[in-house]
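Worksheet for the structure shown next.
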Protein chains: 2
Amino acid sequence: MRYEKGHKESTRQQITEVASKQFRDQGVSAVGLAAIMADAGLTNGAFYTHFSSKNDLVRECVEQTLDAQLQAISRNISEHGLEAVLRQYLSPSHRDDRGHGCPSAALLPEISRQSPEIRHAYTARFNAVIEVIAQQLPGHDPDDAHQTARAMFALVVGSLQLARAVDDPALSDDILEGAIAAVLRLAARPSKA
Amino acid sequence: MRYEKGHKESTRQQITEVASKQFRDQGVSAVGLAAIMADAGLTNGAFYTHFSSKNDLVRECVEQTLDAQLQAISRNISEHGLEAVLRQYLSPSHRDDRGHGCPSAALLPEISRQSPEIRHAYTARFNAVIEVIAQQLPGHDPDDAHQTARAMFALVVGSLQLARAVDDPALSDDILEGAIAAVLRLAARPSKA
DNA sequence: AATATCACATTACGATCATAATGCAATAAG
DNA sequence: CTTATTGCATTATGATCGTAATGTGATATT
């Protein structure tokens, strides 16, 4: 045994954190394992003592980042309310920090092209976030609350992607602000419940 | 001259069409030039007589697919109305045919990581589509119409991405249907104009 | 104190990456 | 009819891809 007891676990965690950032920054297929390992302070060869394949690492990253996002959203909703979470999600600072931001906004089209187990992991955590959002829509009946929550999620994800894609800073800001207003309209209690 | 007069132009067009499909199917960074050229019935070496780089090809594909989408949307809106275009965009057949579908839904996070000229080309065409949608929102004042149009666009793009990512077919259908309802709510004439 | 373990480094595999130099053959231009 | 042009194929570049075999040295175990 060359290293102390908890060493392997902390190294594995370091790899997934570095990889999660690089994947969101540059895209899953644009990042090589060598770059991830180097950024984690290791070399190529150590990778396969921690993961069985790149697909395995991607799955781990998707699960961890989505779990962390769910926890953060749940806590912030109970502490500050839905609108505060919304404004934070659609903020310039979130737009400008892809590497630590929403995995859906950074990777959603790529996730749809990943292996079945990754898509399955994504689906479960997507449903969990929708559940949390739907519980914040009291005026809606249960089915409608879930449909509306999904639309709200799609709207903020799409808006963040658009705000990152356009090259006009003023337009990018307008996209974020318009999205906040639109999501609040969707969340509002329907005229006839 | 080994080939007839219009040959080079039609070959170039063939390359961009094949590339546009492969990029949307598999992602820009996941597709190699050799695979594109082979699918176009050519070999590696012919690429650089048509394009100066892969970035150049990507720009051409983004421009062509977005221009075609704008024309299709404009025509279908004037022929069948906004709601029909919406229902077609959020249809299972569009979800299941990435390669010929909306470039934004297939590539938006990747576009935000592309070169400045590609992001600039995207921005101009995004604004053009928003203009067309905004003109279909008569109850809104001009600024609000554009904000709402952007939110509607973000909502349909995000929803299509989600419908493609989840591995539960029933959920995927629900996402599409819920998105239609939500977009129509956003498009509805605001209570106080 | 001796030994076995194992998390890493080193090195390398064949494949593919974007890019490019060179060769060629058929057609357009003369 | 000759010749110059050029759109493509062939071939090759060094780099990087995901994956894997092998080496090694410090620690946990004995």
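Chain naming here is simple, since letters A, B, ... match the order of the sequence lines and numbering starts at 1 in each.
- Per the geometry, CZ belonging to B:F47 stands 18 Å off C1' belonging to D:dT10, to the nearest Å.
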Tabulated below should be each protein N or O lying under 3.5 Å from an N or O of nucleotides 12-15 of chain C; please produce it.
none

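- Along DNA chain C, the nucleotide nearest to B:E4 and the one nearest to B:S53 differ in position, and the one closer to the 5' end is contacted by B:S53.
- Heavy-atom distances under 4.0 Å link DNA chain D to no residue of residues 21-35 of chain B.
- With 3.5 Å as the limit, one finds no donor-acceptor pair spanning the side chains of B:N55 and B:Q114.
- As rounded to whole Å, 5 Å separates atom P of C:dA9 from atom CG of A:L42.
- Taking a cutoff of 4.0 Å between a charged side-chain nitrogen and a carboxylate oxygen, B:E83 and B:R87 qualify as a salt bridge.
- Checking the phosphate oxygens (OP1, OP2) of D:dC8, a side-chain nitrogen or oxygen of B:T11 falls inside 4.0 Å.
- Side-chain contact annotation: B:Q13 with B:E9, donor-acceptor N/O pair under 3.5 Å absent.
- Atom CE of A:M37 is separated from atom C1' of C:dC8 by 9 Å (rounded to the nearest Å).
- Between A:Q14 and A:V18 there is a side-chain heavy-atom pair separated by less than 4.5 Å.
- One atom, CG of A:L57, and another, P of D:dC17, lie 14 Å apart when rounded to the nearest Å.
- Under the 4.0 Å criterion applied to side-chain N and carboxylate O atoms, A:R59 and A:E63 are assigned as salt-bridge partners.
- Rounded to whole Å, atom P of C:dA20 lies 15 Å from atom CZ of B:F51.
- Between A:E79 and A:R75 there is no salt bridge, since no side-chain N of the basic residue sits under 4.0 Å from a carboxylate O of the acidic one.
- Regarding contacts with the backbone of C:dC8, a side-chain N or O of A:H50 is found under 4.0 angstrom from either OP1 or OP2.
- A salt bridge links B:D173 with B:R95: at least one charged nitrogen is closer than 4.0 Å to a carboxylate oxygen.
- Here A:H7 pairs with A:Y3 under the ring-ring contact (aromatic ring centres under 6.0 Å, His included) rule; sequence neighbours left out.
- For B:H7 and D:dC8, the shortest distance from a side-chain N or O to OP1 or OP2 is below 4.0 Å.
- Residue-environment remark: CD (A:Q88) stays at or below the threshold of 12 foreign heavy atoms within 6.0 Å.
- Taking atom NZ on A:K8 and atom P on D:dA28, their separation rounds to 16 Å, with Å as the unit.
- Side chain of A:Y48, nearest nucleotide from D:dG7, D:dT19, C:dA28: D:dT19.
- Atom NZ in A:K54 sits roughly 8 Å away from atom P in D:dC17 (whole-Å rounding).
- Atom-to-atom, NZ of A:K5 to C1' of C:dC6 comes out at 16 Å; the value is rounded to the nearest Å.
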